[in-house]
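A short worksheet on the structure shown next.
Heavy-atom basis, side chains included; hydrogens, waters and symmetry copies ignored. Everything quoted here is computed from the prediction, not taken from an experiment. Naming convention: chains lettered A, B, ... in sequence-line order (proteins, then strands); numbering from 1 in each chain.
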Amino acid sequence: MQDAGMVIVGAGECGLRAAMSLREQGYHGRVTLIGAEVHLPYERPPLSKDAMAGETLPTPKTITSRDVLDAQGISLISGVTVRAIDRAGRFVRLSTGESIPYDKLLLATGAEPRRLPMAEGLSRCVTLRTFDDALAIRSHLTRGIRVAVIGGGFIGLELAAAARRLGCPVTVIESLPRILARAVPAEIAAIIHAEHVAHGVDIRTGTGLASMEEGPDGLSIALADGASVEADLCIIGIGAVPHVGLAQEAGLSVDNGIAVDAELRTDDPHIFAAGDCCSFPLDLYGGRRIRLEAWRNAQEQGALAAANMLGGHEGHKAVPWFWSDQYGLGLQIAGLCDEGPQTVRRDVGEVAFILFHLAEDGRLVAASGIGPGNAIARDIRLAEMLIAKRACPPVDKLAAADTKLKALLAA
Amino acid sequence: MAGWVDACGADDVDEEDVIRFDHEGRTFAIYRSPDDDYFATDGLCTHEKIHLADGLVMDDIIECPKHNGRFNYKTGQAKGAPVCVNLKTYPVKVEAGRVMIDIG
Ligand SMILES: Cc1cc2nc3c(=O)[nH]c(=O)nc-3n(C[C@H](O)[C@H](O)[C@H](O)COP(=O)(O)OP(=O)(O)OC[C@H]3O[C@@H](n4cnc5c(N)ncnc54)[C@H](O)[C@@H]3O)c2cc1C
Ligand code: FES
């Protein structure tokens with residue numbers, strides 16, 4: 001008997017990868033990919049980078065084409081939201097009123113920008129997640145307008161860099177004592193901070209917001225420290241919250257994301273979740289439950305979910321990995337830096353460097369690096385392999401730039 | 001035009017490694033495999049135009065430094081997302097300790 005097929009909710013990076021992987025792994029049944037956005041699946045990272053750089057309005061950087069989807073027999077339903085999951089009947093209900101049955105269901109619903117209550121209803125305040133958001137921002141971002149960025153996280157800082165390129169005065173407001181406090185070691189955040197300052201960005205750390213007022217000539221932002229910032233456009237970049245509504249209403253566990261086991265299964269064996277929307281235990285760090293908002297993770301988990309939907313029993317093993325580009329600087333982080341209380345620095349050429357983060361027992365648990373272009377990429381990749389191997393490389397070798405990491409990997 | 005050009009010395013590339021070679025406005029990547037053969041491809045990743053010479057060579061794979069897209073540098077074959085367009089490869093010969101590539 002033919003099964004009801006595989007249904008994937010969310011046609012982003014993760015959902016599409018899962019659909020393609022189902023085929024790559026030889027599944028011949030029905031594959032339905034349902035996405036709320038009208039565009040073909042596209043890449044989000046360029047939205048805060050290249051999409052903001054050009055003189056003309058950007059186009060979405062699509063990951064696939066209709067032809068490829070047709071050839072793969074993947075039916076993509078775009079511009080349609082899944083409203084509810086009927087777990088007993090094993091079908092999903094769409095915003096069109098239609099119902100689609102599933103044998104296995106994957107939730108790849110992603111995340112959305114965290115809202116700032118104070119900014120609700122203010123037309124000059126924007127957030128960035130989708131291509132349509134990017135288009136709206138880019139159309140406002142004309143040469144010379146005053147830009148305020150709330151939140152010193154990746155998206156806010158990348159947009160700050162883009163706005164500087166367009167000659168806009170930019171103020172970044174971060175309530176914590178430093179930018180990128182959540183995921184980036186202080187030593188590296190300091191380099192990025194200095195680069196922004198060198199490019200003329202005014203960074204205010206350690207101060208929250210008191211109020212916002214919109215008038216005909218712009219937005220007036222009063223800071224908790226008494227200062228005030230005037231802006232024509234205000235980008236709110238204070239993090240993202242996972243899309244868990246569907247799962248929650250269906251009675252599935254939620255714990256900072258749709259809670260899944262290492263095999264990405266929710267507490268319903270027919271329902272999986274992957275990508276930015278899920279939290280999962282990572283064996284590499286003793287089963288610590290984490291949620292990632294990272295592009296490569298979305299793909300890795302999409303592929304893994306597909307395998308396990310087809311009856312596999314593999315746990316998620318990949319080392320978390322992230323990159324960011326600001327001005328000419330490339331940042332990459334493999335692993336979770338907060339797992340390693342001890343840091344060892346390796347200089348790579350004149351200005352680039354890598355920090356190795358070691359656990360108390362000497363195990364390499366993370367590596368972070370920054371430098372022009374892709375100067376640190378190769379070593380971060382090798383470090384990632386050492387992390388996956390749970391290696392305890394000698395500290396002096398890690399620090400010595402003339403010791404090839406490849407040699408340590410072979411050791 | 002052009003044909004064979006002198007790209008580098010055979011010793012300029014470590015085993016299982018890659019270097020960049022620029023020639024008349026074009027950029028190439030020159031590889032030395034673990035079994036000591038030489039190969040050449042276009043220098044830029046087909047995903048975004050990133051220099052592959054900053055990437056990592058493992059066996060017959062070059063991995064892009066930017067988003068870990070992988071290619072077989074011997075055949076140019078793209079090994080899956082995020083890279084889906086193959087890399088162009090070029091004939092290589094080693095003569096008198098020099099690596100020559102035929103850039104057509
Ligand atoms: C501006 C920006 C820049 C970034 N830059 C980087 C970077 O430099 N490096 C990096 O590693 N990562 C970066 N990321 C993160 C990366 O893009 C995400 O981790 C990745 O997109 C997550 O993929 P996903 O498929 O899980 O979620 P998403 O890409 O968010 O896709 C989820 C999709 O599901 C849809 N959906 C949700 N609910 C429903 C429903 N009920 N019915 C139908 N459809 C639904 C949504 O509309 C959305 O299209 C960036 C993200 C953004 C927004
Ligand atoms: S630029 Fe090479 S994988 Fe993206």
Side-chain angles (χ1 to χ4, degrees), chain A residues 13-14 16-21 23-24 41-46 49-50 53 61-65 68 294-300 302-303 318-319 321-325 330-332 334 348-349 352 369 371-385 404-407 409-410, chain B residues 8 11-22 26-37 39 41-73 77-87:
Chain A
E13 197 72 62
C14 180
L16 176 69
R17 184 89 294 274
M20 300 292 257
S21 297
R23 292 294 182 230
E24 283 160 19
Y42 59 87
E43 296 192 23
R44 294 189 199 284
K49 306 177 181 74
D50 307 352
K61 188 167 193 290
T62 52
I63 318 170
T64 189
S65 65
V68 169
W295 178 83
R296 200 178 80 186
N297 176 66
Q299 297 179 36
E300 288 161 348
V319 177
W321 177 83
F322 185 89
W323 90 93
S324 172
D325 301 322
L331 160 85
Q332 291 194 12
V348 183
N374 295 303
I376 47 80
R378 188 188 305 204
D379 281 348
I380 291 288
R381 182 68 176 110
L382 288 163
E384 183 194 323
M385 292 189 252
K404 286 198 165 189
L405 293 183
K406 223 179 202 175
L409 196 61
Chain B
C8 59
D11 293 339
D12 294 342
V13 202
D14 289 342
E15 243 170 63
E16 201 177 42
D17 210 344
V18 56
I19 63 166
R20 172 174 163 180
F21 168 58
D22 291 342
R26 294 164 70 185
T27 184
F28 304 89
I30 313 291
Y31 308 84
R32 184 169 167 187
S33 68
D35 48 7
D36 212 12
D37 258 337
F39 298 87
T41 69
D42 267 342
L44 299 179
C45 182
T46 59
H47 179 231
E48 289 172 12
K49 296 184 179 353
I50 295 295
H51 283 284
L52 289 169
D54 288 327
L56 180 65
V57 178
M58 285 170 297
D59 294 325
D60 45 12
I61 296 293
I62 172 72
E63 200 179 72
C64 174
K66 190 84 244 181
H67 316 115
N68 311 138
R70 299 168 135 226
F71 302 91
N72 180 322
Y73 59 81
Q77 192 195 14
K79 304 296 279 183
V83 291
C84 39
V85 177
N86 292 344
L87 269 183

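- With a 4.5 angstrom heavy-atom cutoff, A:Gln332 touches chain B only via side-chain atoms.
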Could you go through residues 51-60 of chain B and list every donor-acceptor pair under 3.5 Å that involves a side-chain atom there, pairing it with any protein atom two or more places apart or in another chain?
unit_1, atom_1, unit_2, atom_2, d
B:His51, NE2, B:Arg20, NH1, 3.3

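- Remark: B:Asp36 CG is packed, more than 12 non-hydrogen atoms of other residues, nucleotides or ligands lying under 6.0 Å away.
- Residues A:Gln299 and B:His67 have side chains that never bring a donor and an acceptor to within less than 3.5 angstrom of each other.
- Using a 4.5 Å cut-off between heavy atoms, A:Glu43 touches chain B through its side chain atoms alone.
- Using a cut-off of 4.0 Å between Lys/Arg side-chain N and Asp/Glu carboxylate O, B:Glu63 and A:Arg378 are scored as not salt-bridged.
- Taking 4.0 Å as the cut-off between side-chain N and carboxylate O, B:Asp17 and A:Lys404 count as a salt-bridged pair.
- Contact check for A:Asp325 versus B:Lys66: side-chain heavy atoms found under the 4.5 Å cut-off.
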Could you list the donor-acceptor pairs under 3.5 angstrom formed between side-chain atoms of residues 77-87 of chain B and any protein atom two or more places apart in sequence or on another chain?
unit_1, atom_1, unit_2, atom_2, d
B:Asn86, OD1, B:Ala78, N, 2.8

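- Taking CG of B:Asn68 as the reference point, atom CH2 of A:Trp295 lies at 7.5 Å (rounded to 0.5 Å).
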